[in-house]
Amino acid sequence: MENKKVIHKHSLAIRWLHWVNFPLLAVMIWSGLLIYYANRVYKLDLGFTTITFFPEWFYDAIGMRRRLAEGMSLHFAFMWLFTINGVIYFLYLIFSKEYKLLFPHRRALKEAWLVLLHDLHIRKGLPPQKKYNAAQRIAYTGVIILGFFMIVTGLAIYKPAQLNWLCATCGGYEAARIEHFVITILFALFFLVHIMQVILAGWKNFSSMITGFETKKIESNDHKRANLEHEKSKE
Amino acid sequence: MTIKEQIWNTKKVRNRTILSFVVFFVMMGLAYCFWKWLYAQPEEHGALKPLRKVLIQNEKIFKPLVSQEHLVKTYPLQKAEKKVRVNGWDGIETPLDANWKLKVVRKTGDTIFITLDDIKKLPKTDIVFDFKCVEGWNQITHWGGVKFSEFAKYYELDNEIQMEYVGMITPDKGYYVGIDMPSAVHPQTILCYEMNGKVLPLNQGYPLRLIIPVKYGVKHIKRIGSIFFSNTKPPDFWAEEGYDYFLGL
């Protein structure tokens, strides 16, 4: 029978936490938009043009007019699941020591630059990497930090009186609201880049987020190892 | 930490792949079914029943945070907005009775009627705070009136404020709120008759409105007609429309 080399990329816990987070984050962003619609005032003035958050066609396209109460009840129910999943994920990273594969290492900034040049087809070849390259390390760690601030700013907006010290730490109520909103936009941008990268990386990479492993052809020294393991199992 | 590598035969690779994908699609399917199930649930006061249950649980979790020591941030007078936003006309659209008196229903069932002049005789408190609307806007505004706790003490409502809730209704019954007692007797909660140092305008709830900085704006009922006390939740205008009942900040 033919053998294959199996590289275990993602543990069962990581895969579950990742795919549980996906619909939860979607519900949080969706209900957040329903809430935001009630006071849709944020604009970004770039000098030559102004970006309105969001244009009216956007609300029409996804049918989200006047659903504040629904948005709030969804947001304040699913916030628990989103937070719990995030906390478990973080604790898992720390206790399984998997953070060593994920958090940026010392050479991260320099290497991330090389990865960027490579991805833009300016430079050939990538620095050697383990599970993630430096750019991925920075992006994935960044998104964990964003998640943390999402919860902190959310709590500051939710209980600005009882947790007024938290609200003050965020720079006040209005600042906390803007931060919460900006983090959402950053999450959405991360999502877009993430999807693009996953598409570019191909099916095997995507599949490994579901199965946990990627397969490779067996090289000559792998054959030796396979034989050894075979011998061992006979003993 | 290193990445584990193994040699598997093709059959094992195929079986594991199929198993993983089956579990994946089943779980995604279940998530979708859960969402459909959620939206198929009956509503309780305008909110889907499971979500209403969570809102009530949230109230239980966050209510103990309400403390007489946790004060809402206040601002210097000059920070107060001169053009105060008007939002919500329910309960103040009918003409105001010229003989308006505040009706207070005591625990025993008897009622007292209090004129605005009598209320004005009580010690006055001014507050400049950041008024927060459930819609998402906020405005620093200046209000004046008597602390609800001092009002209750003066009119000997000591037994009443031992109860769990206070209810307030406009004279035409067009708007009504229910408030948990710890929030009602919070030192920054006032029965308000002044805005920016002047008589409260009609559209801001003349003659008397509630200012309760530890709650969203919808709880700051305008033109209070009557006040009563209860150990069960008094009816609340927006809580019937799917909003959280507690709405504590």
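Each chain gets a letter, A, B and so on, in the order its sequence line appears, and its residues count up from 1.
Contact of B:F62 with chain A is made through the side chain alone, with heavy-atom distances under 4.5 Å. If you measure heavy-atom distances from B:F34 to chain A, the contacts under 4.5 Å come from the side chain alone. Heavy atoms of B:K132 lying under 4.5 Å from chain A belong exclusively to its side chain. With a threshold of 4.5 angstrom between heavy atoms, A:Y36 does not approach chain B through any atom at all. Contacts of B:K73 with chain A are absent, with no heavy-atom separation under 4.5 Å from either backbone or side chain. Proximity to chain A is absent for every atom of B:W238, based on heavy atoms less than 4.5 angstrom apart. Within the 4.5 angstrom heavy-atom criterion, only side-chain atoms of A:V27, from C-beta onward, approach chain B. In this structure, no portion of A:Y37 lies under 4.5 Å from any heavy atom of chain B.
Between A:P23 and B:Y32, the closest side-chain pair of non-hydrogen atoms is not below 4.5 Å. Looking only at side-chain heavy atoms (C-beta outward), B:N58 and A:W80 come within less than 4.5 Å of each other.
Here CH2 of A:W16 is found 4.0 Å from CE of B:M27. Values are rounded to the nearest 0.5 Å. Atom CD of A:E70 and atom CG of B:L51 lie 8.5 Å apart (nearest 0.5 Å). Rounding to the nearest 0.5 Å places CG of A:L74 at 4.0 Å from OH of B:Y39. B:F24 CZ to A:M209 CE: the interatomic distance, rounded to the nearest 0.5 Å, is 9.5 Å. Note that CD1 of A:I157 is 11.5 Å distant from CG of B:L249, once rounded to the nearest 0.5 Å. Remark: A:Q162 CD to B:E69 CD distance equals 11.0 Å, nearest 0.5 Å.
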Chi angles and distances behind the side-chain contact (heavy atoms from CB on, under 4.5 Å) call for B:V23, A:W19: CA-CA 12 Å; B:V23 171; A:W19 289 112; over 6 Å; no
Residue pair B:W8, A:T215: steps toward the side-chain contact (heavy atoms from CB on, under 4.5 Å) verdict: CA-CA 9 Å; B:W8 284 1; A:T215 55; over 6 Å; no
Could you go through B:V134 and A:M72, starting from their C-alpha distance and side-chain angles, then the distance that decides it, and tell me whether this counts as side-chain contact (heavy atoms from CB on, under 4.5 Å)? CA-CA 9 Å; B:V134 74; A:M72 288 176 82; 3.3 Å; yes
Are B:L55 and A:F76 close enough, and set up right, to give a side-chain contact (heavy atoms from CB on, under 4.5 Å), and what steps lead you there? CA-CA 7 Å; B:L55 291 182; A:F76 300 144; 4.2 Å; yes
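Residue A:K5 comes nearest to B:I7 through the heavy atom pair CA-CD1, 4.2 Å, listed as atom of the first residue, atom of the second, then distance. In terms of heavy-atom proximity, A:L68 sits nearest to B:E135 at CD2-CA, 3.9 Å. When all heavy atoms of B:S20 and A:T211 are compared, the closest pair comes out as OG-CA, 3.4 Å.
For A:F22, the CZ atom sits in a loose shell: 12 or fewer heavy atoms of surrounding residues, nucleotides or ligands are nearer than 6.0 Å. More than 12 heavy atoms of other residues, nucleotides or ligands shown are found within 6.0 angstrom of NZ on B:K63. Counted within 6.0 Å of OH on A:Y59, heavy atoms from surrounding residues, nucleotides or ligands total more than 12; the atom is thus considered enclosed. When the shell of 6.0 Å around CZ of A:F191 is examined, it contains 12 or fewer heavy atoms from other residues, nucleotides or ligands. Atom NZ of B:K83 is surrounded by 12 or fewer heavy atoms from other residues, nucleotides or ligands within 6.0 Å.
Ranked by heavy-atom pairs under 4.5 Å with chain A, the list B:L19, B:V13, B:V72, B:V214 is led by B:V13.
Between the side chain of B:N138 and the backbone N or O of A:Y173 there is no donor-acceptor pair closer than 3.5 Å. Side chain of A:K159 to main chain of B:G248: a donor-acceptor pair is present (N/O by atom type, distance under 3.5 Å, no hydrogens or angles). A donor-acceptor pair is defined here as one N or O able to donate and one able to accept, closer than 3.5 Å; such a pair exists between the side chain of A:N164 and the backbone of B:L71.
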